[in-house]
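Here the structure comes first, spelled out in structure tokens, and everything after it is commentary.
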Number of protein chains: 2
Amino acid sequence: MGITNRQKEILDYMWTFQDREGFPPSLREICKGLGLTSAGSLIKHVRTLEDKGFLGRMPGKKRAWRLRRRPAPLSIPLIGAIAAGTPILAEENREDELPVDPKLFGAADAFALRVKGDSMIDAQIRDGDLAVIRPQQDAENGTVVAVIVEGLQHEATLKIFRRRDESVELHPANPAYEPLIFHQEDRAKVKILGRLIGVIRPKL
Amino acid sequence: MGITNRQKEILDYMWTFQDREGFPPSLREICKGLGLTSAGSLIKHVRTLEDKGFLGRMPGKKRAWRLRRRPAPLSIPLIGAIAAGTPILAEENREDELPVDPKLFGAADAFALRVKGDSMIDAQIRDGDLAVIRPQQDAENGTVVAVIVEGLQHEATLKIFRRRDESVELHPANPAYEPLIFHQEDRAKVKILGRLIGVIRPKL
DNA sequence: TAATATAGGAAACATTTGTTCTCTTTGCAA
DNA sequence: TTGCAAAGAGAACAAATGTTTCCTATATTA
């Protein structure tokens, strides 16, 4: 499903107009911008763009269309308790949306978890902090990861990750807590959700 | 030049609509959203909003207006070194804009400072953290404040604030550092910039 | 060659939409 | 009370705007 040169010109002009003016152009304004004289000529192209999915039109409304271009998300989903068997980012797991641009933390698809307890206090992470996580399946030794241990809880926890020859270890950053060590087939119970890439401490 | 409750409702709805739909609402769509039945009732408010500068209208065009000045800013200014004699938020002191909605921290006019050193490590604040500050002139004992000491530096620092009978004390949250104590007229050298209301730790 | 797809023009038409007018209601102050 | 201002309803009007129909021109393809 390609797009012809002319159609791309039209789409680009619509974006330019919207960025400059703050609202979408009318058909005749597009004509003027492209040097056309008849709105009738243009509407055929606009309909094609709609059919191909580049344009969302609202039938019956004037000067009302959405320009679809994957806009980067402007917020980070806050994940609460995790329903069994669902992917982490499933709608039912989302507790809130944090009005923070994830690019601030260098990731496009981050999510956040609320930290409970003081097991990471030596990493300057407090009870109540929001941990920003970039999703990934595996981790480097020594990095802080969000993990969930199968059958143990329904909430993710932060731990320092360490893989040894025959075991996987999850270490707290607080000498008052014991590390969790998984041997042999138990290692499969440790599910890495992602790597810690930032912290937000709101309403201190 | 205030803005009445009703006018704020209308402006908020216009923003909500634009964010949701991708294009501005028509007068009658605003009516439906607010429970009004007559566009004639609404246009008076819209004109007032235009006069007060909250709305840019394009005469003769349908469904075409710019929404100026979001009700609340969507970013927090990051303040770097402070030029002598300027207000903290002056343009020349701004180093960057953090794409974070300040309402996340419960304030509308927050700014941020980059933390240098580990003098607040016991408060779980690290070198490189961004401290979110709500501007205020005074502070309660025991709270963490951003202060600048006149004649000493051009950068604000975080300290735990304590006012005694005859002195003002600025305590680090790290036993390796000494508190700063100001007696008598020296107390005037301590300028409080604001109170710590949040922490952001980016790109960990 | 004829057929077809793409691109554009001009005019007429129907709906949306901003605008203007008059009227009513409510709350507040002189 | 009277007067005034803000808020809203309803109807009618004019301009903007999307839509349709019928036309021409050019390039490509069977």
Side-chain angles (χ1 to χ4, degrees), chain A residues 1-69, chain B residues 1-71:
Chain A
M1 178 81 86
I3 184 172
T4 128
N5 284 350
R6 196 53 169 160
Q7 284 156 12
K8 178 162 167 35
E9 279 177 44
I10 292 168
L11 203 54
D12 285 347
Y13 182 77
M14 294 181 75
W15 269 111
T16 305
F17 187 101
Q18 169 125 343
D19 288 343
R20 173 165 41 92
E21 302 292 339
F23 49 84
S26 72
L27 283 183
R28 285 169 179 82
E29 282 166 341
I30 302 174
C31 284
K32 192 178 288 186
L34 295 177
L36 299 180
T37 67
S38 168
S41 311
L42 190 60
I43 199 173
K44 285 177 282 187
H45 290 135
V46 172
R47 273 202 257 266
T48 310
L49 285 171
E50 185 189 12
D51 291 342
K52 293 185 177 175
F54 291 88
L55 210 49
R57 311 185 72 205
M58 316 304 294
K61 295 190 180 177
K62 310 289 171 80
R63 200 201 281 274
W65 31 48
R66 298 189 176 105
L67 302 179
R68 300 220 170 96
R69 184 203 269 170
Chain B
M1 177 83 88
I3 184 172
T4 126
N5 284 349
R6 197 53 168 158
Q7 283 156 15
K8 177 158 165 40
E9 280 177 44
I10 292 168
L11 203 54
D12 284 348
Y13 183 78
M14 293 180 76
W15 271 113
T16 305
F17 186 102
Q18 169 125 345
D19 287 346
R20 173 164 43 91
E21 302 294 340
F23 49 84
S26 71
L27 284 184
R28 285 169 180 82
E29 280 165 343
I30 302 174
C31 285
K32 192 176 290 186
L34 295 178
L36 299 182
T37 66
S38 167
S41 312
L42 191 60
I43 197 170
K44 286 177 282 188
H45 291 133
V46 172
R47 285 214 181 88
T48 310
L49 286 170
E50 187 190 9
D51 291 341
K52 293 186 177 174
F54 290 89
L55 209 52
R57 311 184 73 203
M58 316 305 294
K61 295 191 178 177
K62 311 292 174 77
R63 200 201 282 273
W65 33 46
R66 299 188 178 104
L67 302 180
R68 297 209 175 102
R69 268 204 293 262
R70 274 195 173 269

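Numbered from 1 within each chain, the chains take letters A, B, ... in sequence-line order.
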In this structure, how many angstroms lie between the [atom2] atom of [N] and the [atom1] atom of [X], rounded?
| X | N | atom1 | atom2 | value |
| --- | --- | --- | --- | --- |
| Lys62(A) | dG18(C) | NZ | P | 11 Å |
| Ile43(A) | dA11(C) | CD1 | C1' | 15 Å |
| Lys8(A) | dA7(C) | NZ | P | 15 Å |
| Lys61(A) | dT19(D) | NZ | C1' | 18 Å |
| Leu42(B) | dG8(D) | CG | C1' | 10 Å |
| His45(B) | dG18(C) | NE2 | C1' | 17 Å |
| Leu27(B) | dT19(C) | CG | P | 7 Å |
| Arg57(A) | dT19(D) | CZ | P | 4 Å |

Does anything in residues 30-38 of chain B reach DNA chain C, meaning a heavy atom under 4.0 Å, and if so which residues?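 When residues 30-38 of chain B is checked for heavy atoms under 4.0 Å from DNA chain C, there are no hits whatsoever.
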
Quick one, [X] and [Y] - any side-chain contact, counting heavy atoms below 4.5 Å?
| X | Y | result |
| --- | --- | --- |
| Pro25(B) | Trp65(B) | yes |
| Glu50(A) | Val46(A) | no |
| Ile30(A) | Phe17(A) | no |

Rounded distance (nearest 0.5 Å) linking atom [atom1] of [X] with atom [atom2] of [Y]:
| X | Y | atom1 | atom2 | result |
| --- | --- | --- | --- | --- |
| Lys44(B) | Leu49(B) | NZ | CG | 14.0 Å |
| Leu55(A) | Met14(A) | CG | CE | 4.5 Å |
| Ile10(B) | Thr48(B) | CD1 | OG1 | 8.5 Å |

Keeping Arg66(A) on the side-chain end and Glu21(B) on the backbone end, is there a donor-acceptor pair under 3.5 Å?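 Yes, because the side chain of Arg66(A) sits within donor-acceptor range (under 3.5 Å) of the backbone of Glu21(B).
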
Side chain to side chain contact (heavy atoms under 4.5 Å, CB included) for Arg47(A) and Ile43(A)? Distances and angles first, verdict last. CA-CA 6 Å; Arg47(A) 273 202 257 266; Ile43(A) 199 173; 3.6 Å; yes

Requested in this report: Name the residue closer to the 5' end of DNA chain D, choosing between Arg63(B) and Ile10(B) according to the nucleotide with the nearest heavy atom.
Outcome: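 The residue closer to the strand's 5' end, by nearest nucleotide, is Ile10(B).
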
Once base and sugar-phosphate atoms are separated, protein heavy atoms under 4.0 Å mark nucleotides 21-27 of chain C, 5' to 3', with B, S and - as -------

*dG18(C) base to Arg28(B) side chain: any donor-acceptor pair below 3.5 Å?*
yes

*asked:* I'd like to check the side-chain contact (heavy atoms from CB on, under 4.5 Å) partners of Lys61(A); sequence neighbours left out, ordered by chain and number.
replied: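 If we apply the side-chain contact (heavy atoms from CB on, under 4.5 Å) test to Lys61(A), skipping adjacent residues, the hits are Met58(A), Ala64(A), Glu29(B), Arg63(B).
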
Residues passing the side-chain contact (heavy atoms from CB on, under 4.5 Å) test with Gln18(B), sequence neighbours excluded, are Pro24(B), Leu67(B)

Any protein N or O atoms within reach of nucleotides 3-5 of chain D? Criterion: under 3.5 Å, listing atom names and distances.
none

Parsed dot-bracket for DNA chain D after applying the Watson-Crick and G-U rules with both distances under 3.5 Å and | for other-strand partners is ||||||||||||||||||||||||||||||

For Cys31(B) and Ser38(B), the nearest pair of non-hydrogen atoms, with its separation, is SG-O, 3.4 Å

